[in-house]
Amino acid sequence: SMESPFLENAKEDTAGGNASFKIGFSISTLNNPFFVTLSEGAKANAQEKGAEISIVDAQDDASKQASDVEDLIQQGVDMILINPVDSSAVGSAVESANAAGIPVITVDRSTEGGEVVSHIASDNVAGGVLAGEYLLELAGEGAKVAMLEGTAGSSAARDRGEGFLKAVDGKVDLVSSLTANFDRGEGLTVMENMLQANPEIQAVFAQNDEMALGALEAIEASGKDITVIGFDATDDAVAKVEEGKMAATVAQKPEEIGKAAIETAVAYLNGETVEEFVPVDLELVK
Amino acid sequence: MIQMSGITKAFSGNVVLDNVQFELANGEIHALMGENGAGKSTMMKILSGIYSKDAGEIKVDGQAVQFKTPKDAEKLGIIVIHQELNMLPDLTVAQNLFLGKELTYGKTGILKNRQMEKEASELLSKLGLDINPRTRTGDLSVGKQQIIEIAKAIASDAKYIVMDEPTAALTDREIETLFKTIHELKAKGISFVYISHRMEEIFAICDRITILRDGQYVGVRNIPETNFDEIVAMMVGRELGERFPERNCAIGDTKLEVRNLAVNGLFQDISFKVRKGEVLGVAGLMGAGRTEVAQTIFGYRKANKGEIFIDGQKVSVKSPIDAMKHGIGFVTEDRKTEGLVLDFSIKDNIALANLEKCSSSGIVKPEKENVMVAKYIEDLKIRTSGPNQSAKSLSGGNQQKVVIAKWLGTEPEILILDEPTRGVDIGAKKEIYQIINQLAQAGVAILMISSELPEVIGMADRVIVMQEGNLTGEVNKDNMTQEVIMQYATGGEKVVQL
Amino acid sequence: MSNYKSKELVSKLGPLFGLILLIIIVSILNPSFLSIANIFNVLRQVSISAIIAFGMTFVILTGGIDLSVGSTLALTGAIAASLLSSGMDPFLTMGIALIIGLILGTINGVIITKGKVAPFIATLATMTIYRGLTLVYTDGRPISDLGDHYSFQLFGKGYFLGFPVPVVTMVIAFIVLYFILQKTTFGRRVYAVGGNEEAAKLSGINADRVKIAVYAITGLLASLAALILTSRLNSAQPTAGESYELDAIAAVVLGGTSLNGGKGWIFGTLIGALIIGVLNNGMNLIGVSSFWQQVVKGIVILIAVLMDRKKTA
Amino acid sequence: MSNYKSKELVSKLGPLFGLILLIIIVSILNPSFLSIANIFNVLRQVSISAIIAFGMTFVILTGGIDLSVGSTLALTGAIAASLLSSGMDPFLTMGIALIIGLILGTINGVIITKGKVAPFIATLATMTIYRGLTLVYTDGRPISDLGDHYSFQLFGKGYFLGFPVPVVTMVIAFIVLYFILQKTTFGRRVYAVGGNEEAAKLSGINADRVKIAVYAITGLLASLAALILTSRLNSAQPTAGESYELDAIAAVVLGGTSLNGGKGWIFGTLIGALIIGVLNNGMNLIGVSSFWQQVVKGIVILIAVLMDRKKTA
Ligand SMILES: Nc1ncnc2c1ncn2[C@@H]1O[C@H](COP(=O)(O)OP(=O)(O)OP(=O)(O)O)[C@@H](O)[C@H]1O
Ligand SMILES: Nc1ncnc2c1ncn2[C@@H]1O[C@H](COP(=O)(O)OP(=O)(O)OP(=O)(O)O)[C@@H](O)[C@H]1O
Ligand SMILES: [Mg+2]
Ligand SMILES: [Mg+2]
């Protein structure tokens, strides 16, 4: 068999006798630490369970994801895990897997079409609510608040924003809401500009930690004291929370999600019954 | 002293130079002649290190040398002024003059702009040119750019200067200045290779002449001991006969009339008539605005004033498409930039202006194309391996014939020819003249712009002359001499003879 | 154009040999590549990018470039989806989407010719504008609930005589466009404008009109691709088509068409699109990790282009 | 270049008038735009994109293009961050990062000149390759924990004589590059190669060497930008610099440099980068929604380029 530095499917030696399953995992993007961690959680757990895992990256493109799933079907995998780029667009890919008789588990985002064995997730909207409620608690009613939005049109940006607004709507003064494309550098510059236009901002919700960390740089440079809440609980962000520089970050525990996905998959393939919805707890790291 | 011997060169199997020899003595002016595609430019590109030779030897002052780049040749004082203009239009004159050998502060690479401008000024005035060295080169006339290219060669301390058709774009006065300069430099021991299709110039300034034919060496002659007919026979391999073939045809009614045509800043108040079967020559110095007049008649430029009549009817020509609908054809001045799609085959080029004819309901009919193209390849004696040969790989004369064929295909009733024989060899020239005659005999009204006075006098029934955007005179067959035309062209008194 | 000497033909078929070589390598590494199902897979995946690349071929042949194809795809897809979900007849919807694609392309062409703006910068601007309009139009949300239009679903997911409909659409588009480019006066004009615009104009060709037409065709084809994509996904994404322009340009160049215009053919583009499709599919089948996929893809494009250069040099 | 007639100068200053107009509009809509703090803001934000655009100016002047600048930034930033976090001396780290940027640029230049690959396609391939390598190198994660290097932090966040250090760096880079372009033989050669490569070669200029050098300079400047960005963020992102090439190209073209090469100047690029920077900052200050920001940005670029065309036509 081939050993190459860039092949990650190298079969684990499973002398244990456990029938080696082949699991395909179509992930929405690996250009984001959250999903990198999620995929690694899955990979590590698969290794432990002696399953072979093949990960394909849709690069946040719904049509590439459809192609990727077709490619996984061609690989003849026993199970397909899908982390949808978009819930509405992934349906046809799930249906093709259904048609090929391959069971599907959705991860982190659900599908609006096709049959799935199970759905493993922590909800982005709920995470937004969690952040919003905590922000309200810290900054108080009527506080001047800003939001840093993720890439326009992406589902994470939509859902987190929706949850946040649900929690704070009418209770705080949202003075500015602008996109920084989930990017730390843009988080910095957009925050600088926001502070210029609205120096009285008291709290910021960033739809991911990258933007939150960028905003933090701008805030530190301005010498102001502003509450920052992020999302994803990346290592960097958790460290900032521990230092007391960031107020909180919403932890979706990507590693847990990845691990739960594999556990559910292996259980199903072993003929066990699995839950239709496996929730992975959200947690506010503060 | 340069000796080239046994020079052989092939481009992808196609031998273009076969065991050719050439010698350039110190302080001589040596002409290199031959038909289009004989291999003159290739020979000189080998001498200057642009092309590598397949076989043969080059000796400079008796020492065998190998040139890998133009720099190697330049180190031994060999400079080439190439056939195509090699000026950078967006750089100033001074910057162009010193390009590649800028004056700098030591080895720092920091430019001495002031000093370069000063030296450029001196050099230009020595050549009798009143040009500010800070002028953008592209704003100068083609002739002036050519002279600057020559000045650049002189400035580089050359011992051997190769000039590949330097006068193709020069006015007579500029040519005079050029010749004076060449003589001065010759007196200082500098040698010249002089390539030209203009026989008059060869006899005026050269000491010796080497002749090539089809990539082969034919012979070398001392100028005082030879004559026009011998050289033509060596070049063409046969007697050429009369240079300007006779034409006998009845001149009919007025076909095209232009009244008070003007384009702001380029020319004004241009009025003339051309009749059926008539060849109207348009003479003038380079930059007189003749090309612009032709472009305006053809709808490629917008007129600010004036009217155009065809067969007595006023017509509106807003684009080349309109002009073609009115039966006008336009053989443009520069075949490479305006005449041909170089990557196209001969066939596709000829069909380009005739797409309507070669198609039905928008679909090209190859049969129609093939018939048309075969006819013109035959009629115009285009030397080619077939209609699918690319235009790029043809010699200049044959390229020119393709452009003419393209327009003959449209069966024009009015044909404008702008410098139809520029850069074309003497044999091909005569063939083009014969085509012009046939067209006139068929009743086509012809407007022939040309900077070669012998050609204008030899071919035109009547000549109008332009100077700096004005029509300064009209000359009939009876008093058509170079002197009269030059007088109008350079600003003699404004007399209109009818 | 219409005729090639044998030497030229061999050089033109270079990309085809590259494709075959790639197929051989992938098949050895994973024999399931050659199954009928997977071949249909690859073709279905390629159909969208190939259709866009066909349009790009026209534009590049005139010496231009169109960076806005991905945004055009997103905008026309969103409009089609919203019309469908509002209950409009699928055929009428498709007609409207195609016309809007044509108009968006025409706008590009007019800015470039009448505004005399370099194609790169003009379409860079419209790329941003069309994307922004898509976001405004969709409010940044995907449009789903397209209703249950069998005929529209067929367009992306169905089969025709045993072949996937998108593949059939691609093949028909290829044949029509090949014919236009090689056999019509318009095609000849496209090559002429790219080969030497000055000479083309002086031969009585309305170069501006030809250029506007090629951008319009490209817009039309981008909206055709949008319809296939929307049907396949049963939804329109506001972020659809991002960076599709780069894959399309790569396909055109891999197919041997010169970025300077005037030289190339659309068959090469089909091959180029297939090379990229086989590469993406093959790397997934072999299981190349996604980070390395980008590296491998870049290197394969480079090698393919370099091999082509060496041969013609 | 070094001498202009007044008419030419006016046309060259066109972009400057555009910038002033934009500043007036933004200041009216939000007067706080003109505060010193915000002007420093804009300049600091512009510094990174301007430095990249300076390099792009050299490349475009030779008639080329470099799509890989964003990926070069990401890769060199990641390497610098990992070296710093491993405890390497900040000055040594910065030197190494700059050298790697130079090497990555040189690779582009060599592929383009020796491989005879069109710059667009060569740098499209390396854009993918360098990005992939960044992801492989960082494992797709940001690199933080850069340690507490005061001198390195100064580079992005500090002040020098009251001015932000990135702005000072940008100004120094501008002056040096302006001097190189206008006052040295190398600069003259850059213009000559872009104006007419054939003629430049016949004048004994080693065009290949000039081209390799401009891509190397661009790589070097991209890594300089990477250092500023890494210092400002105190971390390196694997996704940093995505689509920076488009902003850089837009800045160069807005500044009046022709994409055909041979014509333009680096002062214009500075103005172009400022136009884009003021636009981004202004839209944030005014609070234009992120969907409309894209539309506005595209339209402003288009208007600016069209105004420039009209004037010179
Ligand atoms: N780079 C090249 N590749 C292929 N063929 C070439 C190349 N350069 C020249 N030739 C061919 O070599 C032959 C000689 O060309 P050359 O330019 O030397 O002729 P010439 O005598 O200078 O003609 P003219 O009077 O038209 O300038 C021609 O047939 C030409 O087509
Ligand atoms: N692209 C250009 N940019 C600037 N000036 C130009 C350009 N083309 C032509 N000119 C100038 O316009 C004037 C008219 O030139 P043109 O060559 O058309 O004259 P002409 O009488 O037709 O001469 P000929 O046909 O013998 O060259 C000249 O001064 C020329 O230098
Ligand atoms: Mg020649
Ligand atoms: Mg002329």
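Scope of the values below: all heavy atoms of this structure, side chains included, with no hydrogens, waters or symmetry mates. So you know, we letter chains A, B, ... as the sequences are listed, proteins then strands, and number each from 1. All of these numbers come straight from a predicted model, not from anything done at the bench.
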Item to complete: Could I get the full list of side chain to side chain donor-acceptor pair (under 3.5 Å) partners for Asn206(C), not counting sequence neighbours?
Response: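 For Asn206(C), no residue satisfies side chain to side chain donor-acceptor pair (under 3.5 Å) once neighbours in sequence are set aside.
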
Item to complete: Using the test side chain to side chain donor-acceptor pair (under 3.5 Å), find all partners of Ser258(D) that sit at least two apart in sequence or belong to another chain.
Response: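 None.
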
For the atom pair [atom1] ([X]) and [atom2] ([Y]), what is the distance rounded to the nearest 0.5 Å?
| X | Y | atom1 | atom2 | answer |
| --- | --- | --- | --- | --- |
| Leu306(D) | Lys114(C) | CG | NZ | 14.0 Å |
| Glu242(C) | Ser243(D) | CD | OG | 9.5 Å |
| Ile121(D) | Leu302(C) | CD1 | CG | 9.0 Å |

Practice prompt. Select one option (side chain, backbone, both, neither) describing which atoms of Leu246(C) are under 4.5 Å from chain D's heavy atoms.
Written response: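 For Leu246(C), the contact with chain D is made by backbone and side chain together.
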
Discussion item. Quick check on Leu124(C) against chain D: is it the side chain, the backbone, both or neither that has a heavy atom closer than 4.5 Å?
Written reply: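 The answer is the side chain of Leu124(C).
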
Worksheet item: Can you name the residues of residues 128-140 of chain C that have some heavy atom under 4.5 Å away from a heavy atom in chain D?
Response: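 Thr128(C), Ile129(C), Arg131(C), Gly132(C), Leu133(C), Leu135(C), Val136(C), Asp139(C), Gly140(C) fall under the 4.5 Å cut-off.
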
Worksheet item: Where is the tightest heavy-atom contact between Gly298(C) and Ala125(D), given as atom of each residue plus distance?
Response: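 For Gly298(C) versus Ala125(D), the nearest heavy atoms are O-CB, 3.5 Å.
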
Discussion item. I need the residue from Ile249(C), Val295(C), Leu254(C) with the largest number of non-hydrogen atom pairs under 4.5 Å to chain D.
Written reply: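 Between Ile249(C), Val295(C), Leu254(C), the count favours Val295(C).
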
Worksheet item: Heavy atoms under 4.5 Å from chain C: which residues of residues 54-79 of chain D carry them?
Response: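 Heavy-atom contacts from residues 54-79 of chain D to chain C are Ile65(D).
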
